[in-house]
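Every chain is numbered from 1, with letters handed out A, B, ... down the list of sequences.
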2 protein chains.
Amino acid sequence: MNNGRFPISLHILTLMASYEGEWLSSDLIAGSININPVLVRKEISNLRNHGLIESKEGKNGGATLAKPADKIRLSDVYHAVQQASLLGNSKNRPNPACAVGKQINQHLDKLYQDIEGALLHKLDKMSLADFLRQFG
Amino acid sequence: MNNGRFPISLHILTLMASYEGEWLSSDLIAGSININPVLVRKEISNLRNHGLIESKEGKNGGATLAKPADKIRLSDVYHAVQQASLLGNSKNRPNPACAVGKQINQHLDKLYQDIEGALLHKLDKMSLADFLRQFG
DNA sequence: CATTCTGTAATTGACTTTATTACAGTACAA
DNA sequence: TTGTACTGTAATAAAGTCAATTACAGAATG
């Protein structure tokens, strides 16, 4: 959830939930998000690999939800887009000769996991259907 | 917590907590984190502006905690380094002609706030002293 | 078989982050 | 009172990341 991919993926899924049963083209979706269609297709590819949507090539192709919107949780979306950890996952290479430097990454990672757990707990409680339901 | 500044600031503070009472130079700190001393001084400047540390110019200068380590909470560190929201704060400009696009940023922002609340709750419960105590 | 799509690679451009250089100012200590 | 060891900060450059764009092969449809 570091990145701009979470909102894009959630936007894609929300559109599909709101047009459930229809096959939406990457151009249509890109027009709603206001980004490039190729980016949409990349995210669709990723969401498909995570089993959240299906897609169909060729004329009248597009993508649609792979399961009902109340079976997709926001934590699934998080897992689909997440590469690195939330906070930046210890990319520094601290000095191992220093008592603090030697251990800090390990303790940072533990802290990150703890926080990520709290975050996932929140996201787990909301389905795509719940999210869509908020729209007036 | 989007960025690499949180681990840097926490590393700085952890060093100071572990050498409580001493004035640490930016060169020493930079050597432990393994980054450029100027970056350390920038973070020190920021932490000082947030009342977490004090610094002293001139020979034998450096920086030290402004209060005991058990009075500094990790949520203070988070607030000190945080600029944007956790997840990327709705920078897309979706199509207002689209029913989903028109409202999604508002719902994303609400979701982000909810998650950030959970995160802050976790960080609020851990002090710098607690964090340091984990080091063997 | 022309058309409308997806899938994907490759490249570019914009932006962000970090490193580096440079130097003025401050405090201490001999 | 002068050299030394620091901070503070600006300016620039280098590196890295992210999104847009171009390009095109392949699939499904009518």
Side-chain angles (χ1 to χ4, degrees), chain A residues 1-9 11-12 15-16 19 22-50 53-64 66 81-85 87-95, chain B residues 1-9 11-12 15-16 19 22-50 53-64 66 81-85 87-95:
Chain A
M1 229 143 165
N2 272 326
N3 46 44
R5 288 179 54 208
F6 178 83
I8 290 174
S9 280
H11 194 141
I12 291 172
L15 277 172
M16 290 182 183
Y19 294 93
E22 297 180 40
W23 296 82
L24 306 183
S25 75
S26 60
D27 263 36
L28 181 142
I29 297 168
S32 170
I33 309 181
N34 199 23
I35 61 172
N36 195 283
V38 176
L39 240 197
V40 173
R41 295 205 283 273
K42 274 185 191 158
E43 287 309 318
I44 281 175
S45 166
N46 179 57
L47 292 169
R48 187 183 57 240
N49 291 337
H50 285 82
I53 68 181
E54 290 173 27
S55 66
K56 201 166 68 171
E57 291 186 31
K59 198 170 179 178
N60 302 329
T64 198
V81 301
Q82 187 216 24
Q83 313 126 317
S85 171
L87 312 100
N89 222 356
S90 304
K91 59 176 177 169
N92 293 325
R93 298 270 151 249
N95 187 347
Chain B
M1 231 141 166
N2 272 325
N3 46 46
R5 288 180 53 208
F6 178 82
I8 290 173
S9 280
H11 193 142
I12 291 172
L15 277 171
M16 290 181 184
Y19 294 93
E22 299 180 39
W23 296 81
L24 306 183
S25 75
S26 60
D27 263 35
L28 181 142
I29 297 168
S32 172
I33 309 180
N34 199 23
I35 60 173
N36 196 283
V38 175
L39 241 196
V40 172
R41 296 205 281 273
K42 275 185 190 157
E43 288 308 318
I44 281 174
S45 167
N46 179 57
L47 292 168
R48 188 183 56 239
N49 291 338
H50 284 82
I53 68 181
E54 290 172 27
S55 66
K56 200 167 68 171
E57 291 186 31
K59 198 170 181 178
N60 301 329
T64 198
V81 301
Q82 188 217 23
Q83 311 126 319
S85 171
L87 311 101
N89 223 355
S90 305
K91 60 175 177 170
N92 293 326
R93 298 271 152 246
N95 187 346

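Residues that satisfy the side-chain contact (heavy atoms from CB on, under 4.5 Å) test with B/Ile35, not counting sequence neighbours, are A/Asn92, B/Ile8, B/Ile33, B/Leu39, B/Val40. With sequence neighbours excluded, no residue satisfies side-chain hydrogen bond (donor to acceptor under 3.5 Å, both in side chains) with A/Ser25.
Atom CG of A/Asn49 is separated from atom C1' of C/dG7 by 11 Å (rounded to the nearest Å). Put simply, CD1 on B/Ile29 is 11 Å from P on D/dG8, counting in whole angstrom units. We find that CH2 of B/Trp23 is positioned 10 Å from P of D/dG8, with the value rounded to whole Å. Taking atom CD1 on A/Ile35 and atom P on C/dG13, their separation rounds to 21 Å, with Å as the unit. Spacing between atom CG of B/Asn36 and atom P of C/dA19 amounts to 6 Å, rounded to whole angstrom units. One can place CD1 of B/Ile53 at 12 Å from C1' of D/dT7, the figure rounded to the nearest angstrom. Distance CD1 (A/Ile33) to P (D/dA20): 10 Å, rounded to an integer number of Å. Atom P of nucleotide D/dG8 and atom CG of B/Leu47 are separated by 12 Å, given to the nearest angstrom.
Not one side-chain nitrogen or oxygen of B/Ser45 sits closer than 4.0 Å to the OP1 or OP2 atom of D/dT7.
When side chains are defined from C-beta on, B/Lys56 does not count as touching B/Thr64, because their heavy atoms never get closer than 4.5 Å. Considering only heavy atoms from C-beta on, A/Asn46 stays 4.5 Å or farther from A/Lys42 through its side chain.
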Between the protein and nucleotides 3-6 of chain C, which nitrogen or oxygen pairs come in under 3.5 angstrom?
residue : atom : partner : partner atom : Å
C/dT4   : O2   : A/Lys59 : N            : 3.1
C/dT6   : OP1  : A/Ser26 : N            : 2.8
C/dT6   : OP2  : A/Ser26 : OG           : 2.8

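Note that CG of B/Asp27 and CZ of B/Arg41 are 7.0 Å apart. Values are rounded to the nearest 0.5 Å. Expressed to the nearest 0.5 Å, how far CZ of B/Phe6 lies from CD of B/Gln82 amounts to 11.0 Å.
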